[in-house]
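FYI, side chains are in, hydrogens and waters are out, and symmetry mates aren't considered; it's all heavy atoms of this structure.
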Amino acid sequence: METRTDAEPVGTAGGTGAEPPVTGAEQAGPAAGAVPGERRRPPASLSPSRASDFMQCPLLYRFRVIDRLPEKPSPAATRGTLVHAVLERLFDAPAAERTATRATGLLPGEWERLLSERPELAELFSGEEGEGTPGERLDRWLGEAERLVERWFTLEDPTRLEPAERELFVEAELESGLRLRGIIDRVDVAPTGEVRIVDYKTGKAPRPQYAEGALFQMTFYALVVWRLKGVLPRRLQLVYLGSGEVRTYDPVMADLERVERKLLALWEAIQEATRTGDWRPKPSKLCGWCDHQAVCPEFGGTPPPYPLQVHLPGSREPEQGRMSPS
């Protein structure tokens, strides 16, 4: 499971939704960083998070997917990971035992599991920043996670749900050769066979003018499910724990066709940037959340040497890697 970022703007520290296990240049994920001496490979697949990264800022996509620069974990993102883990584990229990008390009781154990997998997360509360001692800051953070878990019970009744899948890794290849992949939080299947795709968001529901990013993610998943199973999901459901809202959308085939066209155009742009090494920064308000300001031309930085071969228009031989233009 990736570090969740639902409480932060789309495309920051991991973007929307969960990142699947990936291959090629995406392998380590945005928080891990590249292994020294490892040969870099061009991108080979596209997930909702990485697609959102490129739309937000092509240079951010390069830093995360090709350079694989490390990023610091954040309390909000890590809290999202923890809450998602608890909601997944809760369904291991018999229906009658899926209570709020049981769910919140899972938090300490899941936090210890996260720490064992990623010891660096302990640094979130060990510094001098914030009020109180490290122990007090951790307690407040866990209390915030507990409130999010409790709020979920006001939005859905897990005693009446039997998910067909949880944390489902999906992958499909389009006729163009583009591989789409992602992890769906929950898939519900009705007795009639109708499919509902559910995604948990630990942040607040966005205002309507900013809701496109989340809908893009869900339609992406619907497209992959349709490609895999030949089934058009009946409903896409976003559960916003931060604000206590549930938003739904019932897709039609035109929605899937539209997002497929968008993904193909996006992938063509990514391939062109990969070939030429031309990854342009795209300044926005989200720059304030970015961990890579020190190497971004918009902030006076210089990107690291481009690790892939460059194919300039009209050239016969690929050139050595170069730095992106500022």
Side-chain angles (χ1 to χ4, degrees), residues 2 4-6 9-12 14-20 22 24 26 30 43-58 60-61 64-65 165 167-189 194-201 203 205-240 246-274 282 284 286:
E2 75 153 351
R4 300 289 179 152
T5 59
D6 302 330
V10 171
T12 61
T16 59
E19 268 308 278
V22 292
E26 293 187 61
S45 62
L46 198 57
S47 67
S49 295
R50 300 292 75 82
S52 294
D53 283 347
F54 189 82
M55 289 187 290
Q56 177 186 321
C57 174
L60 173 63
Y61 177 97
R64 285 181 165 169
V65 175
E165 302 286 354
E167 291 292 317
L168 175 66
F169 170 66
V170 291
E171 183 179 38
E173 185 170 316
L174 305 182
E175 286 86 350
S176 65
L178 170 59
R179 280 189 294 134
L180 305 178
R181 53 202 304 160
I183 297 179
I184 299 174
D185 286 344
R186 198 180 84 217
V187 178
D188 301 329
V189 180
E194 292 178 318
V195 173
R196 177 172 63 182
I197 296 176
V198 181
D199 193 72
Y200 307 122
K201 300 292 186 186
R207 292 192 293 271
Q209 61 267 38
Y210 300 115
E212 183 179 350
L215 183 58
F216 169 78
Q217 173 196 357
M218 299 301 284
T219 311
F220 182 110
Y221 291 146
L223 172 62
V224 176
V225 168
W226 176 67
R227 285 287 187 176
L228 284 174
K229 305 292 185 181
V231 175
L232 174 66
R234 175 68 178 82
R235 174 154 295 179
L236 309 176
Q237 179 165 304
L238 288 151
V239 182
Y240 288 96
V246 175
R247 294 188 178 178
T248 62
Y249 182 76
D250 296 343
V252 296
M253 279 305 305
D255 296 318
L256 275 57
E257 293 165 353
R258 182 165 52 251
V259 79
E260 182 169 340
R261 290 193 299 270
K262 183 174 184 176
L263 289 169
L264 290 174
L266 199 62
W267 187 242
E268 287 182 4
I270 290 172
Q271 289 182 309
E272 178 65 15
T274 302
K282 184 179 177 182
S284 73
L286 297 179

Test your reading of the model: is there a side-chain donor-acceptor pair from Asp185 to the backbone of Tyr200, 3.5 Å cut-off? yes
Quick one: side-chain hydrogen bond (donor to acceptor under 3.5 Å, both in side chains) partners of Glu212, sequence neighbours excluded? none
Under 4.5 Å between any side-chain heavy atoms of Glu175 and Arg227, yes or no? yes
Between Tyr61 (side chain only) and Gln56 (backbone N and O only), is there a donor and an acceptor less than 3.5 Å apart? no
Which residues pass the side-chain hydrogen bond (donor to acceptor under 3.5 Å, both in side chains) test with Arg234, not counting sequence neighbours? Asp250
Which residues share a ring-ring contact (aromatic ring centres under 6.0 Å, His included) with Phe220, sequence neighbours left out: none
For Asp255 and Pro251, which heavy atoms make the closest approach, and how far apart are they? OD2-CA, 3.4 Å
How many angstroms lie between CD in Glu165 and CD1 in Ile183, if you round to the nearest 0.5 Å? 12.5 Å
Arg181 side chain reached by Val224 side chain, heavy atoms, under 4.5 Å: no
Ile184 side chain near Val225 side chain, heavy-atom distance below 4.5 Å: yes
Got a donor-acceptor contact below 3.5 angstrom from the Lys282 side chain to the Pro58 backbone? no
Do you see a donor-acceptor pair shorter than 3.5 Å between the side chains of Asp199 and Tyr221? no
Could you tell me which non-hydrogen atom of Tyr240 sits nearest to which non-hydrogen atom of Ala214, and how far apart they are? OH-CB, 3.4 Å
